[in-house]
Amino acid sequence: MQNQTAFIFDLDGVIVDTAKFHFLAWQKLANKIGIDFSEKENEQLKGVSRVKSLEKILSWGNKTLSDQEFQRLMEEKNQDYLNYVQQMSKDDILPGVKSFLDELKSKHHPIALGSASKNAKTILKCVDLNDTFDAIVDGNEVTKAKPNPEVFLKVAKLLNTEPQDCFVFEDSIAGIKAANVGGMISIGIGDKETLREADFCFKNFNEFDYQFFKNIKSKT
Ligand code: B16
Ligand code: MG
């Protein structure tokens, strides 16, 4: 591994456990319009944009809405979600993440954020990580949602790094697919069976250290 090897992090479910807040907010909204919503459905929304998430929920319930109602519900869900997010502090950064980021910085590796969330910068501010990353690409800057690799390819370009020299940390099936399609090395954070398409998978950041990455060959 060289010093220019880049480390790209997803946000929700990797750096902070906001995935649980998305779940609570979507579940409340789905139930309100008469659609069942459990952890099983939620798994399919991880890494998926807000618009696509509501489209999926409506299709599960065989429901259609006017554009106006669709927009209104998305705003309602987001407000609900932000109410949870605004209570977060740096204590909510997932275990092992901060020390790993600090170590990468001390070794002069470029580090970046690649998130589908339009709230990414608000969240980084809440947890005091707004000055940490060398590049940030979030849901406001992409037109194609994960599993399309656009978000990660944009990050690689900003960092001036080739995709095969990037590690991507992801908690979602869609995000792992995006990293793989983009030609990057995918590191799943979560359940090994759910994230079986990942090149490597760990339960959390305490299961590996910097040393692990030193011996991994790039994908080509
Ligand atoms: P927002 P990530 C994704 O963030 C979440 O995993 C996904 O559940 C959410 O729907 C999406 O962001 C959009 O989020 O409503 O905040 O714009 O995991 O790519 O960091
Ligand atoms: Mg995620």
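In each ligand, atom 1 is the first atom listed, and ligand 1 is the first ligand listed.
The pair K203-D191 does not count as a salt bridge, with every side-chain nitrogen at least 4.0 angstrom from each carboxylate oxygen.
Within a 6.0 Å sphere centred on CG of N204, other residues, nucleotides and ligands contribute more than 12 heavy atoms.
Residue-ligand proximity: S53 is placed with a non-hydrogen atom under 4.0 Å from ligand 1. Residue-ligand proximity: K52 is placed with every non-hydrogen atom at 4.0 Å or more from ligand 1.
Of the N and O atoms on the side chains of D12 and H22, at least one donor lies less than 3.5 Å from an acceptor on the other residue. There is a side-chain donor-acceptor pair under 3.5 Å between S172 and E170. For N180 and S186, the side-chain atoms include at least one donor-acceptor pair closer than 3.5 Å. S106 and E103 share no donor-acceptor pair across their side chains, judged by distance under 3.5 Å alone.
Residue-and-atom listing of protein N/O/S atoms under 2.8 Å from the Mg ion (ligand 2), sorted by chain and number: D10 OD2, D12 O, D171 OD1.
Taking CZ of F37 as the reference point, atom CG of L29 lies at 9.5 Å (rounded to 0.5 Å).
Distances between N or O atoms of D12 and those of ligand 1 include at least one value under 3.5 Å. Residue contacts with ligand 1: N78 is placed with no nitrogen or oxygen under 3.5 Å of a nitrogen or oxygen of the ligand (distance criterion only). No N or O atom of S49 sits closer than 3.5 Å to an N or O atom of ligand 1. Distances between N or O atoms of W26 and those of ligand 1 include no value under 3.5 Å.
When heavy-atom distances to ligand 1 are checked against a 4.0 Å cut-off, V48 comes that close only through its backbone atoms N, CA, C and O. Residue contacts with ligand 1 for H22 involve side-chain atoms from C-beta outward but no N, CA, C or O (heavy atoms, distance under 4.0 Å).
Of the possible donor and acceptor atoms, none in the side chain of H109 sits under 3.5 Å from a partner among the backbone N and O of L104. Remark: side-chain polar atoms of K146 are not paired, donor with acceptor, to backbone N or O of S115 under 3.5 angstrom.
The cationic atom of K77 (NZ for Lys, CZ for Arg) lies less than 6.0 Å from the six-membered ring centre of Y81 and within 45° of the ring axis.
With a 4.5 Å cut-off on side-chain heavy atoms, L124 and L11 count as touching.
Regarding atom 8 (O) of ligand 1, its nearest protein heavy-atom neighbour is L45 O, 3.4 Å.
In summary, the atoms of ligand 1 found under 4.0 Å from a heavy atom of G47, numbered by their order in the structure, are 5 (C), 6 (O), 7 (C), 8 (O).
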